[in-house]
Q: 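I have a structure here, written as structure tokens, and I will follow up with some questions on it.
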Amino acid sequence: MAPSELSQFQIFPMARHNGRSKAAAFFADGFLFVGGVLVAFLVVCAIWSFFSPSPSPAPSFSTSVVSSRESSDISAAASTPAVSCGDGSGPNLGHDPPEQNFYDDPKLSSSIGALPVKNWDEKRREWLKQHPSFSAGAENRILMVTGSQAKPCKNPIGDYLLLKLFKNKVDYCRRHGIDIFYNNVLLQPKMFSFWAKTPTVKAAMLAHPEAEWIWWVDSDAAFTDMDFKLPLDRYKDHNFVVHGWPSLIQEKKSWTSINAGVFLIRNCQWAMDFMEVWASMGPQSPDYDKWGEILSTMFKDKIFPESDDQSGLVYLLLKEKEKWGNKFYVEGEYYFEGYWMEIVGTFDNITERYTQIEKEVPALRRRHAEKVSESYARVWEEYLKDAGYGRGSWRRPFITHFTGCQPCSGDHNQMYSGQTCFDAMQKALLFADNQVLRNYGFVHPDLLDPSTVNLLPFDYPA
């Protein structure tokens, strides 16, 4: 049979009966007829269901058969499409049960200095019970919070730098499954400058009961180790983590013994109470001037008379140790945040050390999806045991903090020039960006040239 005839036979089986008996042809034609009837029936059913959709099941509040929560879950499941691209795991973002919770309390306020939030631990637990899909991993869930001013920066390149710094935080969060909230309004109009973080953090705690930790990171801080993860197990008995130097706290009583630009606070009742006490030292308080005098008297090296957030933290750590200080963890073993002037000059040496290790370890050179980067970070740890942490280490610094550079206003510390700050920020941001771009197959060859990238060859850097 010619190919054209074979094709015609396969497409139109009723066209000829060559080589078949009448009985075989009869049965074949019969099957085709039944199939046609069945298809027609299904088409009619589909059209009918389209024009006459079945009503949604009414919510049931009877407890004799199912509980109200089970009923609402069943209703939600019934309205969920049967076909999904996902595997159904993880938090269910499309379901909020009808049962009331703390959000329905008209007295609840996100504002600092308003009615205090009470029984927050119980309220969070109840919310998680109502939203069971958020329960898995809740004990380690983090929300990062950062922000900047509402108006354009005075520094001509300030908005450019803030965008780059925000991208850096988004990159880190994406790689580690962390949600991020960027705020650029004063949630308490009188709490300006460094005090703006306190009402923002309280509002974030209420808006994210699913998060165990709120991680405040100043806008002028950059992640320079995209692999490093917070050692949360270390902080299991504490509610507030801040970078600092215990000797400067206890012996020198210095207002710079900690840095309040980066901190981790547990989303709990202790934190709700603490935020109110800490904020009571701020400019919205009638005791603002009084607190300025108290803090200036206590910290002899304080260089301005106004009450500030950092001095307030050290005061509470020292003077109210039983109530607050015992729940502080002063982190000094790694760069929870590190001063940029002691860090930026180490990037070239660190890059060389990491590159040498990659040349010797094929597993670290393997190309992989960005989503599985954490598994390679664990492999890296085997080869970084002798790198150390913090000052003098050749490990990538976790967070490089550009304290004193003031990228938005441009009113930098007169110890250095604006160009020095700008170049240092570019180097830090591109040092971090190279770690991100590696998964995409590119690299910046020059840390002072943000616009140029090179395509990486296979098995780089071998």
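Side chains included, hydrogens not; waters and symmetry mates left out as well; all remaining heavy atoms used.
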Q: From Ile112 CD1 over to Lys190 NZ, what is the distance, rounded to the nearest 0.5 angstrom?
A: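 One finds 14.5 Å between CD1 of Ile112 and NZ of Lys190.
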Q: Side chains of Gln356 and Glu352: do they bring a donor and an acceptor to under 3.5 Å?
A: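 Glu352 and Gln356 do not have a side-chain donor-acceptor pair below 3.5 Å.
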Q: Would you find more than 12 non-hydrogen atoms of other residues, nucleotides or ligands less than 6.0 Å from Arg391 atom CZ?
A: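 No, because the 6.0 Å sphere around CZ of Arg391 holds 12 heavy atoms or fewer from other groups.
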Q: Could you verify whether a donor N or O on one side chain and an acceptor N or O on the other, from Asn184 and Ser148, lie under 3.5 Å apart?
A: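 Their side chains do not contain a donor-acceptor pair, so the 3.5 Å distance test is not met.
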Q: Whether Arg395 engages the ring of Tyr389 as a cation-pi pair (distance to the six-membered ring centre under 6.0 angstrom, angle to the ring normal within 45°) should be assessed.
A: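 Yes, a cation-pi geometry.
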Q: Determine, stepwise, if the pair Trp216 / Val242 fulfils side chain to side chain contact (heavy atoms under 4.5 Å, CB included).
A: CA-CA 10 Å; Trp216 173 267; Val242 65; over 6 Å; no
Q: For the pair Arg234 (side chain) and Tyr329 (backbone), establish whether a donor and an acceptor sit closer than 3.5 Å, ignoring hydrogens and angles.
A: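 Absent.
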Q: With a 4.0 Å cut-off, would you call Asp459 and Arg366 a salt bridge?
A: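 Looking at Asp459 and Arg366, the cut-off is not met.
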Q: Return the OH to CE distance between Tyr416 and Met341, rounded to the nearest 0.5 Å.
A: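 Separation between the atoms: 7.0 Å.
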Q: Give me the atom names and distance for the closest heavy-atom approach of Pro450 to Leu448.
A: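 Residues Pro450 and Leu448, closest heavy atoms: CD-O, 3.6 Å.
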Q: Ignoring hydrogens and angles, tell me if any N or O in the side chain of Gln269 forms a donor-acceptor pair with the backbone of Val117 under 3.5 Å.
A: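 Indeed, once roles are kept as given, a pair shorter than 3.5 Å links the two residues.
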Q: Mind listing the closest non-hydrogen atom pair of Glu139 and Glu212 along with its distance?
A: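 Residues Glu139 and Glu212, closest heavy atoms: O-CG, 3.3 Å.
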Q: Does the Glu276 side chain pair with the main chain of Gly113, one donor and one acceptor, at a distance under 3.5 Å?
A: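 Answer holds: yes.
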Q: Output yes when a side-chain donor or acceptor of Asp308 lies under 3.5 Å from a complementary backbone atom of Gln310, and no otherwise.
A: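 It does hold such a pair.
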Q: Give the C-alpha distance, both sets of side-chain angles, the deciding distance and a yes or no for side chain to side chain donor-acceptor pair (under 3.5 Å) between His243 and Glu331.
A: CA-CA 5 Å; His243 189 223; Glu331 182 60 82; over 6 Å; no
Q: Tell me yes or no: between the side chains of Thr400 and Thr224, is some donor less than 3.5 Å from an acceptor?
A: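 Short answer, yes.
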Q: Taking atom types as modelled and ignoring hydrogens, do the side chains of Asp348 and Thr351 form a donor-acceptor contact shorter than 3.5 angstrom?
A: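 No, no side-chain donor-acceptor contact under 3.5 Å.
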Q: Counting distance only, does the side-chain N/O of Glu306 pair as donor-acceptor with the main-chain N or O of Asp289 below 3.5 Å?
A: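 No; zero donor-acceptor contacts below 3.5 Å.
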Q: Taking all atoms of both residues into account, what is the closest heavy-atom pair of Leu429 and Ala222, and its distance?
A: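 Smallest heavy-atom distance, with atoms named: CD2-CB, 4.1 Å.
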Q: May I ask you to decide whether Lys167 forms a salt bridge with Asp171, counting only side-chain N to carboxylate O separations under 4.0 Å?
A: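 Yes, charged N to carboxylate O under 4.0 Å.
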Q: Name the orientation class of the two ring planes belonging to Trp270 and Phe274 (parallel below 30°, tilted from 30 to 60°, perpendicular beyond 60°).
A: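 Ring orientation of Trp270 relative to Phe274: parallel.
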Q: Specify whether Phe398 and Phe228 have parallel, tilted or perpendicular ring planes, treating 30° as the upper limit for parallel and 60° as the lower limit for perpendicular.
A: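 Rings of Phe398 and Phe228: tilted, as their planes differ by 30° to 60°.
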Q: To the nearest 0.5 Å, tell me how far Leu364 CG sits from Thr355 OG1.
A: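 It is 11.5 Å, given to the nearest 0.5 Å.
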Q: The test is ring pair (Phe, Tyr, Trp, His ring centres under 6.0 Å); show your working for His238 and Phe328 and say whether it passes.
A: CA-CA 6 Å; His238 298 84; Phe328 274 52; 9.4 Å; no
Q: Without hydrogens or angle criteria, can the side chains of Asn92 and His131 be said to hold a donor-acceptor pair below 3.5 Å?
A: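 Looking only at side-chain atoms, His131 and Asn92 do not form any donor-acceptor pair under 3.5 Å.
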Q: Quick check: are there more than 12 heavy atoms from other residues, nucleotides or ligands sitting under 6.0 Å from CG of Asp104?
A: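 Atom CG in Asp104 is packed in, count exceeds 12.
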Q: Just by distance, with hydrogens left out, do Ser254 and Thr256 show a side-chain donor and acceptor under 3.5 Å apart?
A: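 Yes.
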Q: List the steps and the verdict of ring pair (Phe, Tyr, Trp, His ring centres under 6.0 Å) for Phe223 and Trp215.
A: CA-CA 13 Å; Phe223 287 86; Trp215 190 6; 5.5 Å; yes
Q: Parallel under 30°, tilted from 30 to 60°, perpendicular over 60°: which one fits the rings of Tyr160 and Phe422?
A: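 Aromatic pair Tyr160/Phe422 classed tilted.
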Q: Would Glu293 and Lys290 count as a salt bridge (charged side-chain N to carboxylate O under 4.0 Å, His left out) if you check the C-alpha gap in whole Å, the side-chain angles of each, and the deciding distance to 0.1 Å?
A: CA-CA 5 Å; Glu293 295 173 6; Lys290 181 180 116 179; over 6 Å; no
Q: With side chain to side chain contact (heavy atoms under 4.5 Å, CB included) as the test, pick out the partner of Cys408 among Leu162, Ile157, Leu161, Asn155.
A: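 That would be Leu162.
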Q: Counting only N and O atoms by type, is there a donor-acceptor contact under 3.5 Å from the side chain of Thr146 to the main-chain atoms of Val217?
A: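 Indeed, once roles are kept as given, a pair shorter than 3.5 Å links the two residues.
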Q: Check the angle between the aromatic planes of Trp278 and Phe263 and answer parallel, tilted or perpendicular using the 30° and 60° thresholds.
A: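 The arrangement is perpendicular - the two ring planes meet at more than 60°.
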Q: Consider only side-chain N and O atoms of Asn267 and Trp120, and report whether a donor and an acceptor are under 3.5 Å apart.
A: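 A pair is found: one side chain offers a donor N or O, the other an acceptor, under 3.5 Å apart.
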Q: Which heavy atom of Phe299 sits nearest to which heavy atom of Lys253, and what is that distance?
A: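 Looking at all heavy atoms of both residues, the shortest contact is CD2-O, 3.1 Å.
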Q: Is there a donor-acceptor pair closer than 3.5 Å between any side-chain N or O of Thr198 and the backbone N or O of Trp195?
A: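 At least one qualifying donor-acceptor pair exists.
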Q: For Glu374, is there an ion pair with Arg175 - N to carboxylate O distance below 4.0 angstrom?
A: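 Salt bridge: no.
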Q: Heavy-atom count check: over 12 atoms from other residues, nucleotides or ligands less than 6.0 Å from Tyr383 OH?
A: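 At most 12 heavy atoms, drawn from other residues, nucleotides or ligands, come within 6.0 Å of this atom.
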Q: Do the side chain of Gln130 and the main chain of Gln100 share a donor and acceptor less than 3.5 angstrom apart?
A: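 Between the backbone of Gln100 and the side chain of Gln130 there is a qualifying donor-acceptor contact (under 3.5 Å).
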Q: Parallel, tilted or perpendicular, judged at 30° and 60°: which one describes the rings of Trp255 and Phe304?
A: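 The arrangement is perpendicular - the two ring planes meet at more than 60°.
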Q: For the atom pair CD (Gln149) and NZ (Lys154), what is the distance rounded to the nearest 0.5 Å?
A: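 Nearest 0.5 Å value for the CD-NZ distance: 9.5 Å.
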Q: For the NE2 atom of His401 and the CG atom of Asn259, what is their distance to the nearest 0.5 Å?
A: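 Taking NE2 in His401 and CG in Asn259, the distance rounds to 5.5 Å.
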Q: Taking all non-hydrogen atoms of both residues into account, name the closest pair between Gly388 and Ser393 and its distance.
A: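 The pair with the smallest heavy-atom distance is O-OG, 2.9 Å.
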Q: May I ask you to decide whether Arg396 forms a salt bridge with Asp227, counting only side-chain N to carboxylate O separations under 4.0 Å?
A: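 Salt bridge: yes.
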Q: Donor-acceptor check, side chain of Ser373 to backbone of Glu370, threshold 3.5 angstrom: yes or no?
A: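 Pair found, side chain donor or acceptor close to backbone of Glu370.
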Q: What's the verdict on side chain to side chain donor-acceptor pair (under 3.5 Å) for Glu358 and Tyr460, showing C-alpha distance, side-chain angles and the deciding distance?
A: CA-CA 8 Å; Glu358 284 187 289; Tyr460 175 86; over 6 Å; no
Q: CG of Asp309 to CE of Met191: how many Å apart, nearest 0.5 Å?
A: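 With rounding to 0.5 Å, CG (Asp309) is 9.0 Å from CE (Met191).
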Q: Carefully, step by step, assess Asn349 and Thr346 under the rule side chain to side chain donor-acceptor pair (under 3.5 Å).
A: CA-CA 6 Å; Asn349 178 56; Thr346 67; over 6 Å; no
Q: For Asp386, I'd like to know if atom CG has over 12 heavy atoms of other residues, nucleotides or ligands within 6.0 Å.
A: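 No, CG of Asp386 has 12 or fewer neighbouring heavy atoms, counting only those of other groups under 6.0 Å.
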Q: May I ask you to say whether Glu320 pairs ionically with Lys323, meaning some side-chain N is under 4.0 Å from a carboxylate O?
A: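 Result for this pair is no, no salt bridge flagged.
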Q: Could you tell me whether Arg141 and Glu210 make a salt bridge, using a distance below 4.0 angstrom between a side-chain N and a carboxylate O?
A: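 No, this pair does not count.
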Q: Between Phe240 and Trp324 (judged by ring centroids, cut-off 6.0 Å), do the two rings come close enough to count as a pair?
A: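 Aromatic pair excluded; centres sit 6.0 Å or further apart.
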Q: With salt bridge (charged side-chain N to carboxylate O under 4.0 Å, His left out) as the criterion, how do Lys252 and Asp301 come out once you've worked through the C-alpha distance, each side chain's angles and the decisive distance to 0.1 Å?
A: CA-CA 9 Å; Lys252 302 292 185 181; Asp301 62 341; over 6 Å; no
Q: Just by modelled atom types, is the Asp433 backbone N or O under 3.5 Å from a matching donor or acceptor in the Asn168 side chain?
A: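 Not a single qualifying donor-acceptor pair exists.
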